[in-house]
Amino acid sequence: MEIEAKRWGFRGKQELNAASASTVRGYLNQIIARINKDNSSSVIRLGHGDPSHFPSFKTTPAAEDAIVDALRSAKHNCYAPSAGVLPARRAIADYLNRDLPCKLSPDDVYLTSGCTQAIEVAINVLSRPGANILLPRPGFPYYESCSAYNHLEVRHYDLLPEKGWEVDLDAVESIADENTVALVIINPGNPCGNVFSYEQLHKVAETARKLGILVISDEAYDNLAFGSTRYVPMRVLGSTVPVLTLGSISKRWIVPGWRLGWIVTSDPNGILKKFGVIDSIAEFLNISSDPATFIQAATPQILENTKEDFFSKIISTLRECADICYNRIEEIPSLTCPKKPEGSMFVMVKLNLSMLEDINDDMDFCLKLAEEESVIVLPGIAVRLKNWLRITFAIEHSLLQEGLGRIKGFCQRHAKKQ
């Protein structure tokens, strides 16, 4: 029986609909819904960055053993401090301290539920009425969703495909003003697969210092670099400009479901402390959730016991996959890849719509590809670059070859007749 009332005082929050729809998951859910269930072909997912269920991307036994040991000790069934347990914070500081001119301490490290929560912490701490933040285009859309939900204005600067996805620093200076709080960079790049050189990072740091803003360096894919450009973390420039580093064990250890991340302050000049950012991070973590205590407790053992050959194998596999992906895309006239990926798990590919029949835009391409070929790729509009595609190459070689073969067949079928 329906309960009658003169008035119900609650409503769903409409802002959540828009924020959710513009995420990677939101777009992928729309595309997956178009898969033809009568198609006997297996679904090949080239749209997301979680290769953990593929045999070639299995995590190291050292990490699994660390989790088991932490659980069986029965010492970590309790709540953890809001900033995280001290041994884990110390181990992460030690892990990140390699090659740093100014060493981190455990007090510079705050544990989060994956890199996603680290983004939430940074955006919430920096949000204030009238403020704006500079985000890369293309970029990771969760920054935009989180900013919109917190009423933080987003301004985009471009990454330049013709220059290997370098930051357009002239654009950064032109869109920043006295209300700009931060600039976000993602290195290695999601979605572009680029790796910023030290020279480029130094220019970014100098520009940010000139503008009086901090740099949020998203390093979720840290050390997953396999090209000619050496990976350098932004925190080496902490003495030039304050840096918030966001990271996790999700990608390098291939364990995204374990949800262990961090936000780290690199600021030997004490600017973040002076302007209240450090206190605000601690205060926000007092009112938010924590990573599971046993995962935190396992972190020192994970970081210390993982052998270099595990990392080398993952890098070698990613390099092979990137080569396959780039070479197969080169065979498709209606797709253009401006730069071979050098890091992360993704590549950006431009759609040449003038060569395709009955394809209106990138979203239309992805929906029809899913329906006809059961292949999932992410439309560029999801990462704010219309009529491009983001393709994931972190997948078994055979599946990658088959998926790209289906894409090639799809493009041939939809090619304009000469």
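All values derive from a computational prediction rather than experimental measurement.
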Lys58 atom NZ: more than 12 heavy-atom contacts under 6.0 Å: no

Centroid-centroid under 6.0 Å between Phe284 and Tyr110 rings: no

Test item: Glu304 side-chain N/O and Ala91 main-chain N/O as donor-acceptor pair under 3.5 Å: no

Heavy-atom check, side chain of Ile302 versus side chain of Val255, under 4.5 Å: no

Aromatic ring pairing Trp262/Tyr95, orientation class (parallel under 30°, perpendicular over 60°, tilted between): perpendicular

Pairwise distance OG1(Thr207) to CD(Glu173) - rounded to 0.5 angstrom: 5.0 Å

Full working for side-chain contact (heavy atoms from CB on, under 4.5 Å) between Lys313 and Asp309: CA-CA 6 Å; Lys313 177 179 177 294; Asp309 61 351; over 6 Å; no

Trace of the side-chain contact (heavy atoms from CB on, under 4.5 Å) decision for Leu272 with Leu244: CA-CA 9 Å; Leu272 296 176; Leu244 295 182; 4.0 Å; yes

More than 12 heavy atoms from other groups under 6.0 Å of OH on Tyr149: no

Main-chain N/O of His48 paired to Thr392 side chain as donor or acceptor, under 3.5 Å: yes

Sub-4.5 Å side-chain heavy-atom contact between Tyr79 and Thr293: no

Contact check, side chains of Cys366 and Tyr27, non-hydrogen atoms, under 4.5 Å: no

Lys/Arg-Asp/Glu bridge criterion (N-O < 4.0 Å) met for Lys251, Asp222: no

Exceeds 12 heavy-atom contacts within 6.0 angstrom, atom NZ of Lys210: no

Heavy-atom donor-acceptor pair, Arg390 side chain to Gly47 backbone, under 3.5 Å: yes

Heavy-atom closest contact (Cys325 atom, Leu400 atom, distance): N-CD2, 4.2 Å

Verdict with reasoning, Glu342 to Tyr231, per side-chain hydrogen bond (donor to acceptor under 3.5 Å, both in side chains): CA-CA 10 Å; Glu342 292 192 307; Tyr231 169 69; over 6 Å; no

Flag side-chain contact, heavy atom, 4.5 Å: Pro141 against Arg384: yes

Phe57-Trp253 aromatic ring centre distance below 6.0 Å: no

Over 12 non-hydrogen atoms of neighbours within 6.0 angstrom of CZ in Arg25: no

Minimum side-chain heavy-atom gap Met348-Pro161 below 4.5 Å: no

From Asp218 atom CG to Tyr143 atom OH, the distance as rounded to the nearest 0.5 Å: 3.5 Å

Presence of salt bridge, Asp108 and Arg89, under 4.0 angstrom: no

Determine all donor-acceptor pairs shorter than 3.5 Å in which one atom belongs to a side chain in residues 193-206; sequence neighbours excluded.
unit_1 : atom_1 : unit_2 : atom_2 : d
Ser197 : OG     : Gln200 : N      : 3.1
Gln200 : OE1    : Val167 : N      : 2.6
Glu206 : OE1    : Arg209 : NH2    : 2.8

Which atom of Ser344 lies closest to which atom of Gly189, heavy atoms considered: OG-O, 2.7 Å

Side-chain H-bond candidate by donor/acceptor type, Ser334 with Asn352, under 3.5 Å: no

Sole candidate of Ile295, Thr116, Thr112 that passes side chain to side chain contact (heavy atoms under 4.5 Å, CB included) when paired with Arg259: Thr116

Ser398 and Glu396 side chains, donor-acceptor separation under 3.5 Å: no

Whether His414 and Phe410 hold their rings parallel, tilted or perpendicular, with breakpoints at 30° and 60°: tilted

Donor-acceptor contact below 3.5 Å, side chain Arg155 vs main chain Ile175: yes

Modelled atom types, side-chain donor and acceptor of Glu144 and His156, under 3.5 Å: yes

Within 6.0 Å of NZ in Lys75, more than 12 heavy atoms from elsewhere: no

Atom pair CG/SG of Leu335 and Cys411 - distance to nearest 0.5 Å: 4.5 Å

Side-chain ion pair, Lys368 and Glu371, N-O less than 4.0 Å: no

Atom pair CG/CD of Leu134 and Glu153 - distance to nearest 0.5 Å: 9.5 Å

Rounded distance [0.5 Å steps], CG in Leu135 versus OG in Ser147: 5.5 Å

Nearest atoms (heavy-atom pairs only) where Val85 meets Pro81: CG1-CD, 4.0 Å

Neighbour count >12 (heavy atoms, 6.0 Å) for atom CZ, Arg98: yes

Residue pair Asp290, Gln296: steps toward the side-chain contact (heavy atoms from CB on, under 4.5 Å) verdict: CA-CA 9 Å; Asp290 312 317; Gln296 296 187 43; 4.2 Å; yes

Minimum heavy-atom distance between Val377 and Ile31, given as atom pair plus value: O-CD1, 3.5 Å

Approximate separation, where rounding is to 0.5 Å, of Ile249 CD1 and Leu303 CG: 7.5 Å

Donor-acceptor contact present, side-chain Lys408 to main-chain Ile332, <3.5 Å: no

Least distance between heavy atoms, Pro341 atom then Phe226 atom: O-CE1, 3.4 Å

Charged N-O contact under 4.0 Å between Asp267 and Lys273: no

Under 3.5 Å: donor-acceptor pair, side chain of Arg235, backbone of Ser266: no

Heavy-atom side-chain contact between Cys337 and Val347 under 4.5 Å: yes

Distance-minimising heavy-atom pair for Asn360 and Asp364: N-OD2, 2.9 Å

Side-chain heavy atoms of Phe310 within contact of Pro61, under 4.5 Å: no

Asn150: side chain to side chain donor-acceptor pair (under 3.5 Å) partners, not counting sequence neighbours: none

Backbone N/O of Asp362 and side chain of Asn387: donor-acceptor pair under 3.5 Å: yes

Expected output: side-chain Thr59 to main-chain Ile254 donor-acceptor under 3.5 Å: no

Residues Asn187, Met234; criterion side-chain contact (heavy atoms from CB on, under 4.5 Å); working and verdict: CA-CA 8 Å; Asn187 186 38; Met234 189 74 202; over 6 Å; no

Side-chain heavy atoms of Ile395 within contact of Cys321, under 4.5 Å: no

Heavy-atom donor-acceptor pair, Asn36 side chain to Asp38 backbone, under 3.5 Å: yes

Asn269 (side chain) donor-acceptor with Ser239 (main chain) under 3.5 angstrom: yes

